[in-house]
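Single-structure report; data block below.
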Amino acid sequence: MHVSSDNILKQVADRYGERLYWHIRRLVVSHDDAEDALQETFIKVFTKASTFRGDDSNLEAWCYRIATNEALQVLRKRVKLFQSLDTLGGELSSMVAGESAPDASRSQVLFQQAVMQLSTTQRVVFNLRYYDDLSYGQIARITGKSDNSLRTNYHYAVQKIKDYLKDNAI
Amino acid sequence: MKEFDKTITGLPYLEGPGYVKELVERCSENASAQSVRANRFARPWIYAVSGIAAAAVLVCALTFSLHRNALSPMDAFLASLTDTEVSMIDELPIEEIPEYYYQ
């Protein structure tokens with residue numbers, strides 16, 4: 001069945017738009033960067049719509065995959081050449097405080113800062129599993145990692161967050 | 001069963017659901033418009049670049065051909081000379097070089 005690029009983009013925006021925005025935002029922290037990355041995601045969805053083959057669950061994974069790549073692309077611009085994205089933890093942590101609403105609770109800010117201490121893979125897996133309630137199967141399709149590796153990453157992510165919160169007295 | 005208390009896992013950011021919904025619509029419209037525009041601009045560019053490349057190839061081919069034709073009598077003349085005669089030409093004053101006789 002042929003579906004036009006406009007139709008696919010509309011479907012994606014209606015069904016996953018807000019979730020994609022928040023997924024990107026959790027990774028890049030800055031609202032402006034999240035907006036740019038979301039727009040780039042939609043452009044990619046539009047231009048590559050003709051190459052998409054699959055059903056609704058594949059569409060969701062496909063969109064998340066594009067959005068994740070765009071978010072990581074934003075993060076790559078913040079590091080020097082050959083520097084790992086994992087070194088951004090401190091910077092992202094400070095950004096969380098800067099981007100938070102004036103009336104945001106300290107525990108919410110601290111929780112996001114704890115998430116920012118995770119490695120990039122752990123952060124992606126944790127966010128997709130915890131916030132977006134995606135199954136390991138879906139996350140595997142998005143990240144290209146094996147089920148076992150995802151479970152391990154999630155387990156360590158939860159442990160690291162707990163430790164961080166404990167160290168910072170929550 | 002979630003591992004953390006719901007009260008601490010909420011995002012501390014300012015943007016509310018209504019704002020994000022509008023933002024998604026705006027991004028979607030922009031993306032659609034930008035992609036269509038990029039496509040519309042890309043096609044004439046492809047035609048223009050292909051046209052210029054074809055014209056360049058044609059001009060090169062014609063120039064080479066004309067150049068070859070222009071040199072043909074001289075080539076023929078030089079080919080008819082022996083090595084000694086060619087080296088003698090080297091010693092001729094400019095006005096005596098056969099090429100100038102032809103003009």
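This structure is a prediction, so every number in the text was calculated from the model and none was measured.
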key: Hydrophobic cluster membership, A:Val74 vs A:Leu85, 4.5 Å side-chain cutoff   = yes
message = Which heavy atom of B:Phe4 sits nearest to which heavy atom of A:Tyr130, and what is that distance?
response = O-OH, 3.1 Å
inquiry  = Quick check: closest heavy atoms across B:Val24 and A:Phe42, and the distance to 0.1 Å?
reply    = O-CE1, 3.6 Å
message = Which atoms of A:Val12 are under 4.5 Å from chain B, going by heavy atoms: the side chain, the backbone, both sets, or neither?
response = neither
request  = Heavy-atom distances under 4.5 Å only: say whether A:Glu18 touches chain B with side chain, backbone, both or neither.
outcome  = both
inquiry  = Is it the case that over 12 heavy atoms from other parts of the model lie below 6.0 angstrom from the CD atom of B:Glu22?
reply    = no
task = Please step through side chain to side chain contact (heavy atoms under 4.5 Å, CB included) for the pair B:Val20 and A:His31, ending with a clear verdict.
result = CA-CA 10 Å; B:Val20 175; A:His31 164 71; over 6 Å; no
For B:Cys27 against A:Leu38, the heavy-atom pair lying closest together = SG-CD2, 4.0 Å
message = Assess whether a salt bridge exists between B:Arg26 and A:Glu35, defined as any Lys/Arg side-chain N lying under 4.0 Å from an Asp/Glu carboxylate O.
response = yes
message = At a 4.5 Å cut-off on heavy atoms, which part of A:Val96 comes close to chain B: side chain, backbone, both, or neither?
response = both
query = Are A:Tyr136 and A:Ile142 linked, directly or through other ILVMFWY residues, by side chains that come within less than 4.5 angstrom of each other?
reply = yes
query = Does A:Leu165 share a hydrophobic cluster with A:Phe126, counting links as ILVMFWY side-chain heavy atoms below 4.5 Å and allowing steps through other members?
reply = yes
key: With sequence neighbours excluded, residues passing side-chain contact (heavy atoms from CB on, under 4.5 Å) with A:Asp14   = A:Lys10
request  = Could you give me the CA-CA distance, side-chain angles and deciding distance for A:Tyr154 and B:Glu3, then say whether side chain to side chain contact (heavy atoms under 4.5 Å, CB included) is met?
outcome  = CA-CA 11 Å; A:Tyr154 184 78; B:Glu3 292 85 349; 3.0 Å; yes
Part of A:Tyr16 lying under 4.5 Å from any heavy atom of chain B = neither
query = Of all the residues in residues 10-18 of chain B, which have a heavy atom that comes within less than 4.5 Å of a heavy atom in chain A?
reply = B:Gly10, B:Leu11, B:Pro12, B:Tyr13, B:Leu14, B:Glu15, B:Pro17
Best-contacting candidate, A:Lys44, A:Glu99, A:Glu40, against chain B by heavy atom pairs under 4.5 angstrom = A:Glu99
inquiry  = Can you tell me which of A:Asp6, A:Val45, A:Asp36, A:Val158 forms the most heavy-atom pairs within a distance under 4.5 Å of chain B?
reply    = A:Val158
message = Looking at every non-hydrogen atom in both residues, tell me the closest pair between A:Tyr131 and B:Thr9 and how far apart they are.
response = OH-O, 2.6 Å
task = To the nearest 0.5 angstrom, please state how far the CZ atom of A:Arg129 sits from the NZ atom of B:Lys2.
result = 8.0 Å
ask   = Does A:Leu59 belong to the same Ile/Leu/Val/Met/Phe/Trp/Tyr cluster as A:Leu128, with side-chain heavy atoms less than 4.5 Å apart forming each link?
value = yes
inquiry  = How about CG on A:Asp133, more than 12 heavy atoms from neighbouring residues, nucleotides or ligands closer than 6.0 Å, or not?
reply    = yes
inquiry  = Can you confirm whether A:Lys160 is buried at NZ, in the sense that more than 12 heavy atoms of other residues, nucleotides or ligands lie under 6.0 Å from that atom?
reply    = yes
query = Do A:Leu118 and A:Leu72 share a hydrophobic cluster (ILVMFWY, side-chain heavy atoms under 4.5 Å, transitive)?
reply = yes
remark   = To the nearest 0.5 Å, atom CD1 of B:Ile8 lies from atom CZ of A:Arg106 at 11.5 Å
key: Derivation and outcome, side chain to side chain contact (heavy atoms under 4.5 Å, CB included), residues B:Thr7 and A:Ser107   = CA-CA 8 Å; B:Thr7 55; A:Ser107 54; 5.8 Å; no
